[in-house]
There are 2 protein chains.
Amino acid sequence: MAKILTGKNTSKKEVILQKAASLFKSKSYSAASMRELADIVGVEASSLYNHIGSKSELLQDICFKTGYQFLEQIEKIKNSSNSNVEKIETVIRFHIKTMAENFDEVYVANHEWKHLEEPYLTDFLNIRRNYEKSLMSFIETGIEEKEIRLVNSYVAMLTILSAVRGLEFWQRSKKNVPLQVLENDMVNQLLNGITK
Amino acid sequence: MAKILTGKNTSKKEVILQKAASLFKSKSYSAASMRELADIVGVEASSLYNHIGSKSELLQDICFKTGYQFLEQIEKIKNSSNSNVEKIETVIRFHIKTMAENFDEVYVANHEWKHLEEPYLTDFLNIRRNYEKSLMSFIETGIEEKEIRLVNSYVAMLTILSAVRGLEFWQRSKKNVPLQVLENDMVNQLLNGITK
DNA sequence: AGAAAAAACTAATAAGTGTTAGTTTTGTAA
DNA sequence: TTACAAAACTAACACTTATTAGTTTTTTCT
């Protein structure tokens, strides 16, 4: 018994999950093979199965870990006493921070979820729909309370979430644009626009 | 000789391309098989090769057709005599319109380009970088000419392009949110924000 | 050291991959 | 009708896929 630890404090399964996320990100889930993953982990493909159930289980783990992470956070924000605009701002900042810290996993959850099998696919989409609803309710309450102009809350939610998702393209130019500038500018543009 | 026409005015190659775009969109390039595509076209897999060169050529055709379409449009906008803010607005509206009209192809170009082989991958990324540069220059000139607040032009460009790309999620709720509302609201939010 | 469990290995399976060769059918033009 | 080309077909090739079975090595605990 006794989980073998690779590295500091991470089980071998966690190592595999992390490398899988990185591989799925760069090659996409379907184009990534278990042999390739095994190579990266430094083991034969069949040995992976001592630690994981299947390839699709890897995808499930990545997607749901990320999904619940976001869902949990938005519940916290919901119960805070901030104004609605502040709640939206917090959502945007959390997205950017989480994306910067867990890039591979967030990327995979955003892009490869469609390869989930049922019932996981449905479950995942429900999580996402839930999350979207929460953000929309911030916008709608904000309109009611005169913090926000009268806009279509669905479009505003879509615009915000799409914009933050776009951070995946930022990766490359980390040096040129510091995270703080990106975060502040994006929040500002989404809430206040860019015109004078 | 004599191109056999399927449908009205479309060659068989065009039919294949269109169905390939739809298939690549829903299953992703790697997970889509030529036998599957053949089924949809109504033919045996090997027969496809009377009309196309290879699977990867299909992806190339889709990506570059879309890429040049956007590049061409932004060149036109560049040469117009509109203000910079108007130019940006035109870009956003063109994105939304093109996305609504050619959804499959735009989606594939946005998501599956990474499966392009060299030298096409490099070429495609150059097209995209070019496009991004043009949009950035609208923003920068807009700042110089006091139309636009002092923002980081890279972040603003990223925010705009990411937001419009997010239209892929809109598809489903076409009925609830008409295209005009979406277009106007998105332009408005990206340029003027949503706060009061 | 000896026992037990964990995790690695080799080898194989059955199914699926893009693509080609060779052949037959279909459609067009003389 | 005869000729020719376009486009369909069947069959096969050479690989790659995820995964399992069975075995051996490594690690851990007593």
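Chain letters run A, B, ... following the sequence lines, proteins first, then strands; residues in each count from 1.
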> Within the structure, does a side-chain N or O atom of A:Ser47 lie under 4.0 Å from either OP1 or OP2 of C:dC9?
Replying inline: yes

>> Out of the candidates A:Lys27, A:Lys25, A:Lys65, only one should pair with A:Asp104 under the salt bridge (charged side-chain N to carboxylate O under 4.0 Å, His left out) rule; please name it.
In response: A:Lys25

>> With a 4.0 Å limit, can you tell me whether B:Ser33 has a side-chain N or O closer than that to the phosphate oxygens OP1/OP2 of C:dT17?
In response: yes

> Nearest of C:dA12, C:dT10, D:dT20 to any side-chain atom of A:Tyr49?
Replying inline: D:dT20

> Do any side-chain nitrogens or oxygens of B:Lys12 fall under 4.0 Å of OP1 or OP2 in D:dA8?
Replying inline: yes

> Just checking A:Ser54: base, sugar-phosphate only, or nothing, at a heavy-atom cut-off of under 4.0 Å?
Replying inline: sugar-phosphate

> Starting at the 5' end of DNA chain D and moving along, which residue's nearest nucleotide shows up first, A:Ser46 or A:Ala31?
Replying inline: A:Ala31

> Please give, in whole Å, the distance from D:dA18 P to A:His115 NE2?
Replying inline: 13 Å

>> Expressed as a whole number of angstroms, how long is the span from B:Glu44:CD to C:dT24:P?
In response: 17 Å

>> Nearest heavy atom decides the nucleotide; on that basis, is A:Arg35 or A:Gly42 closer to the 5' end of DNA chain C?
In response: A:Gly42

> Would A:Asn184 and A:Arg93 satisfy side-chain hydrogen bond (donor to acceptor under 3.5 Å, both in side chains), going step by step from the backbone distance to the final call?
Replying inline: CA-CA 8 Å; A:Asn184 291 335; A:Arg93 291 191 190 273; 2.9 Å; yes

> Tell me: CG of B:Asn50 to C1' of C:dG27, nearest whole Å?
Replying inline: 14 Å

> Going by an N to O cut-off under 4.0 Å, is there a salt bridge joining A:Glu132 and A:Arg129?
Replying inline: no

> Is any side-chain N or O of A:His51 closer than 4.0 Å to OP1 or OP2 of C:dA8?
Replying inline: yes

>> To the closest 0.5 Å, what do you measure between CG (B:Leu182) and CD (B:Gln180)?
In response: 9.5 Å

>> Between A:Glu57 and A:Lys13 (salt bridge meaning N to carboxylate O under 4.0 Å), is one present in this structure?
In response: yes

> How close or far is atom P of D:dA8 from atom CD1 of B:Ile52, stated in whole angstroms?
Replying inline: 12 Å

> What is the distance, rounded to the nearest whole Å, between atom CG of A:Leu48 and atom P of D:dT20?
Replying inline: 13 Å

> Roughly, in whole Å, what's the span from CG in B:Leu37 to C1' in C:dG16?
Replying inline: 16 Å

>> At 4.0 Å (heavy atoms only), tell me whether B:Ala32 reaches a base, stays on the sugar-phosphate, or touches nothing.
In response: sugar-phosphate

>> If you only use heavy atoms from C-beta on, which nucleotide in D:dT19, C:dT19, D:dC9 is closest to the side chain of B:Met34?
In response: C:dT19

